[in-house]
Amino acid sequence: MKKSPKTAARRKARAASPPLPQAGESAAHPAQLAQFYNHVDAALFSLLVGPGQQLTFHFANRRFLTAAGLRSSQILGRPVEQFIPPSSCARVLRHCRKAIRSRQTVRWDESYAHPSGIKYGKISVTPIIDARGRVTHLSGSINDITKRRNSELALHESEELYRRIVQTAEEGIWTIDASSLTDYVNPKMAKMMGYKAEEMIGRPISDFLDDEGKSLLTTHIKNRKKGISAQFEFKYIRKDGTPLWAFVSTNPITNNKGVYVGAMALLTDTSARRAAEAAMQESNAQFRAIFEQAAVGVALIDSNTCRFLNVNQRACDIARLTRRQMMATTFMHIAHPDDAQANQEQMEKLKAGKIQTFTMEKRHLHADGSITWIDLTVSPMWKKGEPPSRHIAIMQDITERKLVEQSLARTTQMLERTGEMAKIGGWELDIASKNLFWSLETCRLFEIESKTAPSLKQAIQFYAPKEQPVIRAAVQAAIEHGTAYDLELPVLTSKGRRFWARTQGFAIRKNGKTVKLIGTFQDITEHKQAEQALIESEVRFRTVFEQAVVGVGLVDFTTGRFVDVNRRFCTITGRSRKEMLKIAFDAITHPDDRARNHHLHKQLKAAKSSEFQVEQRYVRPDGTVVWVNLNASLLSTMSGRPNQLLVMVEDITSRKLAEANYRRELGFNEILASHTSAIIIMLDRHGHLIHANEATLQMLGYKRKDLIGKPPPWKSDFMDHAEKLRSQKRFKEMLAGKNIASREVTLIGKDRKRHVVALSSIITRTPEGAVDRIIVTGTDLTERNRLQKEILKISEQEQARIGHNLHDGVGQTMTGVASLIEALEFELTGDQRQSAARIHHLIQEAIQEVRRMSHSLSPASVKNRGLGGALHLLAETIRTNHRTACTCEVNADIKIEDSEKETHIYRIAQEAANNALRHGHPSRIKLSLQLLGEHEAVLKIEDNGSGLGKRAHEHTGIGLRVMDYRANLIDGSLTIKSRARGGVSVVCRFPYGDRQS
């Protein structure tokens with residue numbers, strides 16, 4: 001059967017006609033749409049809305065089927081409830097039916113179980129409406145947000161763990177922002193400083209430092225900004241004014257772009273240690289003075305090698321050697337050979353712990369063969385149970401006494417007389433008869449009233465019980481071998497009084513046999529007490545001397561050579577102790593400082609002073625220079641004549657370098673402030689100008705005397721009336737502690753030329769916290785604003801061109817397409833005709849949207865109708881296109897001659913209204929343009945929407961910045977705030993009338 005031409009045409013049109021498009025689809029070929037949907041990186045689906053809002057699957061792309069683990073044949077045409085878990089089904093159906101009722105897109109988050117774990121997705125459904133206004137389909141998509149959700153959970157757990165660690169840390173944690181303001185301290189840090197944490201937050205770190213700390217702070221902050229971490233000891237000031245010394249470990253903090261945003265410091269309190277070090281230093285100085293001026297020789301000796309480790313000057317005098325020679329020899333080397341065995345035996349007992357100390361008389365053998373007798377007391381400097389390390393020897397020259405004793409041995413009469421004069425008792429023992437003779441002085445010492453001496457046995461019992469074997473052995477050795485003895489032992493008198501006695505015994509021999517023993521007794525209690533005190537003092541002195549944190553040295557007052565130095569002094573000068581003892585004081589002093597040293601030394605010699613303090617430089621062997629703070633004082637002998645100089649030096653190189661850096665930085669800042677192109681103005685706390693740099697004077701055309709000391713800016717001639725009021729308000733807010741954001745201000749030069757300047761202000765405070773100065777810095781934006789104004793003008797022209805092209809080009813083309821579709825509609829029947837009608841309706845809506853866009857981009861109404869007419873047209877457009885009530889009130893007396901200014905005001909109103917419609921969803925908008933006095937007009941755009949709370953994040957967007965910039969171009973101000981009854985109020989005030997220009 002042959003087909004009619006009309007039937008063939010209808011089939012051809014049906015084949016070319018696409019099915020009903022899903023949400024967002026164009027009328028493309030079905031095969032092309034299927035290929036597109038199956039390759040997008042999102043799960044897409046379409047639901048058919050049946051009677052009673054029954055939902056069945058109409059379409060699902062490959063991504064959706066893969067995620068669900070289903071095939072297309074299993075899901076299409078089936079109810080939605082069959083494929084959604086019961087726990088989620090009710091919620092999903094509720095959201096879908098909401099989209100049907102509201103005829104708007106509905107979005108929500110959903111979670112579901114998956115073999116790999118819980119998955120999270122963001123679901124979106126959009127209703128599809130036919131020509132009769134019925135919702136026939138729901139077009140949906142599912143985006144997998146599992147990774148983002150898991151990352152958010154992990155971040156939350158990490159932040160919680162970090163917070164617990166910081167809050168419970170035993171060290172103080174202190175962080176500052178890029179402006180060196182405290183933004184966090186942990187409880188430990190606040191406790192260390194004596195504050196509550198909230199009292200420290202927001203305060204500059206300089207509030208917690210003294211003047212010295214503030215001078216060092218600049219360098220530390222500069223290093224942090226360079227990305228340098230550091231560890232150092234630093235002093236802070238607690239709330240009660242006491243110092244807090246802390247070991248600081250600090251690191252810079254940068255953002256993800258590597259820009260410095262602050263620093264974090266970990267602080268450990270070291271105040272107690274520093275106090276202990278100061279006390280030790282003072283004790284060391286006192287003990288060292290006693291050590292050097294002692295009337296007896298004192299030596300520190302290695303217990304194993306017997307080498308001298310340190311000696312005082314008196315010990316050198318007794319040995320007739322220099323200190324250097326003493327340090328190069330051993331104690332045994334200078335001892336008489338006949339005394340070596342006895343000395344060795346005593347040392348072995350001391351090492352074995354059998355005795356705590358020993359005293360003996362022995363001889364020093366000099367290079368010329370002469371002998372010096374010494375009274376030697378040796379005590380250990382190691383603790384019980386530790387291996388022997390060092391012992392201290394106290395030496396007293398007893399040569400003269402020995403000569404006297406020998407003389408006394410020749411004659412009894414001389415012995416008695418000398419004993420009475422020296423309060424030394426004598427005794428004599430006849431070996432054959434065992435008769436013991438005591439002199440009167442000996443009887444007095446032992447408090448015996450009878451002149452008859454006791455027996456030898458009774459005499460030995462006067463000694464302390466543990467010392468009796470010692471004296472008994474000494475007497476026996478003297479009898480058998482003729483060995484003399486000289487012992488210092490504790491004894492008890494007949495009346496029970498305890499004292500230290502020095503007992504000496506000498507043998508008189510004939511034919512190789514001892515026939516008589518003679519000797520002396522002496523009460524040496526005071527001497528022993530003095531010796532013990534001296535030993536204890538020397539031990540304390542040596543400990544403090546060697547461990548002092550400052551360099552300590554002794555200098556011969558006559559030769560200027562070092563007599564002794566501690567380890568710290570060697571460290572500071574970069575030399576060993578041996579090297580230091582070879583050189584004079586001048587050898588380490590910087591050549592430029594020697595003349596001053598000589599002058600101070602002469603003053604000491606002339607008795608004009610006994611001490612001096614000076615900062616000077618030392619030169620190390622490698623040529624490096626060390627700055628020290630030197631304190632020198634005279635040490636005198638018993639005769640009162642000074643013989644040594646005690647010097648203490650503290651390394652202040654770091655402080656000197658910091659001072660030099662500070663002075664260099666200060667000079668740099670002065671040059672920078674004087675020669676920079678930026679504006680720098682300084683006001684006192686009353687607002688009077690006290691400084692203006694050269695750039696400020698050049699821009700305003702004034703001389704320095706015209707500004708400095710003059711009234712505040714709001715009483716000057718370089719601001720207009722409105723800016724003066726704003727300036728005075730900002731000044732009061734700054735004094736009240738409010739942070740003032742940077743603002744563009746118009747300043748008027750002496751030649752009445754206007755300059756747009758971006759100004760920033762900061763307050764400096766006195767150590768007491770009172771306002772000191774207000775520093776205002778700024779950049780001249782006049783040329784930049786001129787260029788921006790040109791760019792904005794070009795932008796307006798380009799928008800107008802695009803608007804005309806949309807209207808005359810795209811709009812006309814779409815109108816032609818609409819006519820063709822309308823003609824096609826009448827040729828079709830059934831479903832095809834309905835589809836064509838739907839397309840025709842959509843094309844008509846698109847044409848209207850293109851017209852609205854062209855009118856928005858090209859506000860010809862401003863030029864054709866004036867500003868008032870354009871605002872009325874804007875209100876009508878809002879009512880028509882957005883179905884939102886909008887009123888417009890314009891003062892008919894307002895006439896603005898500047899077309900660019902009209903365009904800026906219109907654009908501000910247009911942007912504010914569009915923001916309200918996009919974000920606030922208001923039911924009512926009010927536009928108003930009124931006069932405010934004789935010289936000012938105000939534009940208001942008010943709505944009753946959701947307010948700023950839901951669109952606060954938009955306040956830093958490009959729209960607001962452009963509105964604010966347009967307000968600045970017309971010398972106006974822009975204010976945006978929430979209304980008391982809901983909604984937002986946008987207010988633009990600008991000059992009018994005589995002040996428009």
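This chain uses plain numbering: 1 for the first residue, then up along the sequence.
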Quick one about Arg918 and Asn915 (side-chain donor to acceptor, distance below 3.5 Å, no hydrogens or angles considered), yes or no? yes
Taking C-beta and beyond as the side chain, do Trp627 and Glu659 meet within less than 4.5 Å on heavy atoms? no
Where is the tightest heavy-atom contact between Ser180 and Ile221, given as atom of each residue plus distance? OG-CD1, 3.7 Å
Student check: side-chain heavy atoms of Tyr618 and Val649 closer than 4.5 Å: yes
Would you please classify the geometry between the Phe232 ring and the Phe234 ring as parallel, tilted or perpendicular, with 30° and 60° separating the classes? perpendicular
Could you please spell out the steps behind the side chain to side chain contact (heavy atoms under 4.5 Å, CB included) verdict for Val756 and Asn968? CA-CA 9 Å; Val756 179; Asn968 286 331; 6.0 Å; no
Does Lys222 have more than 12 heavy atoms from other residues, nucleotides or ligands lying within 6.0 Å of its NZ? no
Looking only at heavy atoms, what is the nearest atom pair of Val248 and Ala265, with distance? CG1-CB, 3.9 Å
Here the gap from Lys732 atom NZ to Leu735 atom CG, rounded to the nearest 0.5 Å, amounts to 10.0 Å
Check: Val614 and Leu600 side chains under 4.5 Å, non-hydrogen atoms: yes
Do you know which of Leu554, Val552, Val555, Val565 makes side-chain contact (heavy atoms from CB on, under 4.5 Å) with Val647? Val555
Any donor and acceptor pair, going by atom type alone, linking the side chain of Arg685 with main-chain N or O of Ile774 inside 3.5 Å? no
Counting only N and O atoms by type, is there a donor-acceptor contact under 3.5 Å from the side chain of Ser249 to the main-chain atoms of Gln231? no
Under 3.5 Å, is there a donor-acceptor pair between the side chain of Asn629 and the main chain of Gln613? no
Of all heavy-atom pairs linking Ser229 and Pro252, the shortest is OG-CD, 3.5 Å
Distance-minimising heavy-atom pair for Arg390 and Leu309: NE-CD1, 3.4 Å
Which pair of heavy atoms, one from Gly778 and one from Leu759, lies closest together, and at what distance? CA-CD2, 3.7 Å
Using a 4.5 Å cut-off on heavy atoms from C-beta on, say whether the side chain of Val986 contacts that of Met963. yes
Nearest 0.5 Å, please: how far is OH in Tyr184 from CD1 in Ile173? 6.5 Å
Give, for atom CD of Glu233 and atom OG1 of Thr270, the distance between the pair rounded to the nearest 0.5 Å. 4.0 Å
Checking Thr589 against Asp586: is there a side-chain donor and acceptor pair closer than 3.5 Å? no
Restricting to non-hydrogen atoms, name the atom on Val185 and the atom on Ile201 that form the minimum distance, rounded to 0.1 Å. N-CD1, 3.9 Å
Determine whether a donor-acceptor pair (N or O, by modelled atom type, separation under 3.5 Å) exists between the side chain of Asn186 and the backbone of Glu171. yes
State, yes or no, whether a side-chain contact exists between Arg773 and Ile690 at a heavy-atom distance under 4.5 Å. yes
So does Lys225 have more than 12 non-hydrogen atoms from other groups sitting under 6.0 Å from NZ? no
I'd like to check Glu694 versus Arg704 (side-chain heavy atoms, cut-off strictly below 4.5 Å). Are they in contact? yes
Within this structure, what is the CE-NZ distance for the pair Met193 and Lys239, rounded to the nearest 0.5 Å? 11.0 Å
What verdict does the side chain to side chain contact (heavy atoms under 4.5 Å, CB included) test give for Leu209 and Tyr236, after you've listed the backbone C-alpha separation in whole Å, the side-chain angles of each residue and the deciding distance to 0.1 Å? CA-CA 5 Å; Leu209 306 177; Tyr236 300 85; 3.5 Å; yes
Run Leu630 and Phe585 through side chain to side chain contact (heavy atoms under 4.5 Å, CB included) and show every step you take. CA-CA 12 Å; Leu630 182 144; Phe585 196 72; 3.3 Å; yes
Counting only heavy atoms from other residues, nucleotides and ligands, does the tally under 6.0 Å from CG of Asp211 exceed 12? no
For Asp772, is there an ion pair with Arg765 - N to carboxylate O distance below 4.0 angstrom? no
Any side-chain heavy atom of Phe569 within less than 4.5 Å of one from Ile588? yes
Arg617 with Asp593: basic N within carboxylate O range, under 4.0 Å: yes
Return the CG to OG1 distance between Leu266 and Thr175, rounded to the nearest 0.5 Å. 12.0 Å
Side chains of Trp174 and Thr182: does their closest heavy-atom pair fall under 4.5 Å? yes
Please determine whether side chain to side chain contact (heavy atoms under 4.5 Å, CB included) holds for the pair Met699 and Val757, giving the CA-CA distance in whole Å, both sets of side-chain angles, and the decisive distance to 0.1 Å. CA-CA 10 Å; Met699 183 191 73; Val757 182; 3.8 Å; yes
Distance-only, no hydrogens or angles: does the His590 side chain make a donor-acceptor pair with backbone N or O of Val625 under 3.5 Å? no
Considering only NZ, NE, NH1 and NH2 on the basic side and carboxylate oxygens on the acidic side, decide whether Arg655 and Glu615 come within less than 4.0 Å. yes
Ignoring hydrogens and angles, tell me if any N or O in the side chain of Arg224 forms a donor-acceptor pair with the backbone of Gly262 under 3.5 Å. no
Can you measure from CG (Asp651) to NZ (Lys656) and round to the nearest 0.5 angstrom? 12.0 Å
